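Working notes, beginning with the structure itself.
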Protein chains: 4
Amino acid sequence: MRQTIKKESIRLFGENGFKETSIQDIVQALHVTKGTFYYYFSSKEELLTEIHFEFIDNLVEQIDEIASHTTKKNHQKLVDVVRLMVINIKSERSSGNILFREMRHLGENSYTEIARKRYEVRERVEGIIEEGIRDGEFRANLNSSIVSLGILGIVNWSYQWLNPEGKFSPEEVANIFVDMILHGVLLQEEDNR
Amino acid sequence: MRQTIKKESIRLFGENGFKETSIQDIVQALHVTKGTFYYYFSSKEELLTEIHFEFIDNLVEQIDEIASHTTKKNHQKLVDVVRLMVINIKSERSSGNILFREMRHLGENSYTEIARKRYEVRERVEGIIEEGIRDGEFRANLNSSIVSLGILGIVNWSYQWLNPEGKFSPEEVANIFVDMILHGVLLQEEDNR
Amino acid sequence: MRQTIKKESIRLFGENGFKETSIQDIVQALHVTKGTFYYYFSSKEELLTEIHFEFIDNLVEQIDEIASHTTKKNHQKLVDVVRLMVINIKSERSSGNILFREMRHLGENSYTEIARKRYEVRERVEGIIEEGIRDGEFRANLNSSIVSLGILGIVNWSYQWLNPEGKFSPEEVANIFVDMILHGVLLQEEDNR
Amino acid sequence: MRQTIKKESIRLFGENGFKETSIQDIVQALHVTKGTFYYYFSSKEELLTEIHFEFIDNLVEQIDEIASHTTKKNHQKLVDVVRLMVINIKSERSSGNILFREMRHLGENSYTEIARKRYEVRERVEGIIEEGIRDGEFRANLNSSIVSLGILGIVNWSYQWLNPEGKFSPEEVANIFVDMILHGVLLQEEDNR
DNA sequence: CATGAATGAGAATTCATTCAT
DNA sequence: CATGAATGAATTCTCATTCAT
């Protein structure tokens, strides 16, 4: 039941927002009563907190795995990270949107910790960029910090518009993004790509 | 007074969210009473609607101007659009965040129209990409639609983290983004950039 | 309206208890709505706090006036205090019962301050006893602290049972108490009172 | 288990109040579950009722024993009653406070019966006073009814402030009260106490 | 123009109690 | 004997909105 509530809440929070979804909405969708909700969660905030942690912990773990790989090239790691996050949309779109939108409703402590974990994600990407520069894979004059934020912008924003059932699959979109990030949009006449 | 209310509301909605900001909060910050608010606005939603239109209309207008330029090269137009939107953060950060976050609270009609205008922005960017491909400025195999969404992701996401008073100015960030979008991150050994 | 709410609340809290009286009960008795209550009071606790302060401040003031009198004998002061507090029941019975019973529902700060003020009352009575001992009015071997608590017990307890409309009027009861406190119950055969 | 629940409940009700103590609080403190509680008690009210009866029955019995003594002088009986009730605080403080504070939560029948038993206590004290007057031990002009209520006020009120571990022991306090009740506070210059 | 009192429809949360196992 | 899941009614509080003045 705990999982059921969480799953339905993710759907509703993702669709309509945290504030906009009442406990009533949640339990009604599950044909149970408010009491049941409060038997499993001590507050709406606790539920939200758990949703946040579940999503971010999973993400951090997967990104860590990619980033800490010892033999992979950095541009491959970057590709992997982008693909991971975009393809994640298939199963975690709502959770992602919740994370990007509802953090302010967390309690102070949870907020801080989630913020730290989001920062870890950013650090991993930055680390890949920096290492790639050192290894001569990436252009030397990149600002790793801002470029990382740009890449995360591309990826995170896609949670807003990318419909897994739509014209382009997450996989295709991920590939397009990867290509764009790696090579830019400009045609370099002198190179024979 | 109407402008004063709107301005303060933008600040509060941007900082704390639409739902989270009560009419009470707004009028209290302005040392007026609720009656005053309702003299100038018929509802909270009307206020929100106006904030949305003001921001998006202004944006569309500026982007149209860039996109409809007849002599500029398309990569220059792209640069201009990115710079426009990022530098906009200096004066319109809150409005932007409101647009990206609170659209769901609009009435049906306004929602549709705002959505249409947001789509126009996207179309302009797509148009620039497509034309650039035709003109041989951009790589031929780009998916203009997804690439545009990527670019908008970079730009729109920066409303979330870019602090105009921070380490990097919007101008610097815009330049880094432009460079990244045009050239990608990869070092092309054969070219002598 | 604020006064009306307070007055009705004192009646209801006094009769049925703070916890047992819902906001609904209060506004229903006044034929207004819950919104009205919260227009005048920010919380049920604020209302309770105000009731406490109004009662205790008034009491402290009156007792101070008696205690600080410069020409009165101390036994007369003691008589005055007892009469004051018992006769108070006529107009303030509910408030008194609220004070004696509902203090725990105050917020921490208010609680502390009310406790301090209640202690002041006790101190005034102790002061009268002590001074009376020094002046040779009262028996020298009295424990002023415990005796004061005994006197306050007599008086405060009467808020529980003394019905101003009952067989004995507050004035009569006060006189009986005064006599009892001053002379005790024992018949001293050797004295010709 | 029944006793364990009762004992813990007395502690919690006495400390925090009947309404303020949830079944959850009780079973949690005992590391059992709600089911267990409801196996032993059919309702929270039944528990409260039992606590009331246990306390008052015990008190009535002890007071009856004192009052019905045939050889003791009445002033001695009065002394015994006061001492009994004050010293009772050592073991029954919480129960006493519950009785004085939570009676309103009893069901109608229990309420009536408890009220009757409380009245019995009062009657015994009145009886002692009256008999003492007849026997010439007490002053003839005492109003036995009001004086009794005064004495009970002294005693019952001490449940509110008398800390058995505090500066004055219940025994000492009882002695001071007894002295005060018997002799009053006034110094009778003509007698040589 | 502006005020401020009043409304009423929800919102989150609590909690005694039930009941199948 | 004991558990723990589930209930549902009640409670405090919020807030956009109305309206007479």
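Only a predicted model underlies this, so the values are computations on that prediction, with no experimental measurement involved. Residue numbers start from 1 in every chain, and the chains themselves are labelled A, B, ... in the order their sequence lines are given, proteins ahead of strands.
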Identified side-chain contact (heavy atoms from CB on, under 4.5 Å) partner of C:Phe13 from the options C:Glu20, C:Lys44, C:Glu8: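 Single side-chain contact (heavy atoms from CB on, under 4.5 Å) partner of C:Phe13 among C:Glu20, C:Lys44, C:Glu8: C:Lys44.
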Passing option when A:Val60 is tested against A:Asp57, A:Asn58, A:Ile56 for side-chain contact (heavy atoms from CB on, under 4.5 Å): A:Ile56
Which atom names give the shortest non-hydrogen contact between B:Phe41 and B:Lys6, and what distance separates them?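 Distance-wise, the nearest heavy atoms are CZ-CE, 4.5 Å.
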If you take all heavy atoms of B:Arg93 and B:Trp161, which pair is closest and at what distance? NH2-N, 3.7 Å
Pair D:Ser22-D:Asp25, side-chain donor/acceptor within less than 3.5 Å: yes
Carboxylate-amine/guanidinium proximity below 4.0 Å for A:Glu102 and B:Lys19: no
For the pair D:Glu120 and D:Lys117, find out whether any cationic side-chain nitrogen is under 4.0 Å from an anionic carboxylate oxygen. no
Whole-Å gap separating [atom2] ([N]) and [atom1] ([X]):
X: A:Leu30; N: F:dA6; atom1: CG; atom2: C1'; answer: 14 Å
X: C:Arg2; N: E:dA6; atom1: CZ; atom2: C1'; answer: 16 Å
X: C:His31; N: E:dA6; atom1: NE2; atom2: C1'; answer: 16 Å

List in chain and number order the residues that pass side chain to side chain contact (heavy atoms under 4.5 Å, CB included) with [X], two or more places apart in sequence or in another chain; answer none if no residue qualifies.
X: A:Thr4; answer: A:Leu30
X: C:Thr36; answer: C:Met1, C:Val32, C:Thr33, C:Tyr40
X: A:Lys7; answer: none

For F:dT7, take OP1 and OP2 only and decide whether either is under 4.0 Å from a side-chain N or O of A:Thr33.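 Answer yes for this pair, as a side-chain N or O of A:Thr33 is under 4.0 Å from OP1 or OP2.
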Within the pair C:Tyr40 and E:dA6, is there a side-chain N or O less than 4.0 Å away from OP1 or OP2?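 Checking C:Tyr40 against E:dA6: at least one side-chain N or O falls below 4.0 Å of OP1 or OP2.
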Does any residue of residues 97-111 of chain C have a heavy atom under 4.0 Å from DNA chain E, and if so, which ones, in number order?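 Listed by number, there are none.
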Which helical stems does DNA chain E take part in, if a stem means at least 3 consecutive Watson-Crick or G-U pairs with both distances below 3.5 Å?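 Paired runs of 3+ in DNA chain E: E:2-21 with F:2-21.
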Mark up nucleotides 14-21 of chain F, 5' to 3', with B wherever a protein heavy atom is under 4.0 angstrom from a base atom, S wherever such an atom reaches only the sugar-phosphate, and - elsewhere. B-BBB---
Give one of base, sugar-phosphate or nothing for C:Phe41, where a contact means two heavy atoms less than 4.0 Å apart.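 Nothing: the residue C:Phe41, judged by heavy atoms under 4.0 Å, touches no strand.
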Ring-face cation of C:Arg104 near C:Tyr111 (centre distance under 6.0 Å, axis angle within 45°):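 Ring-cation test returns no.
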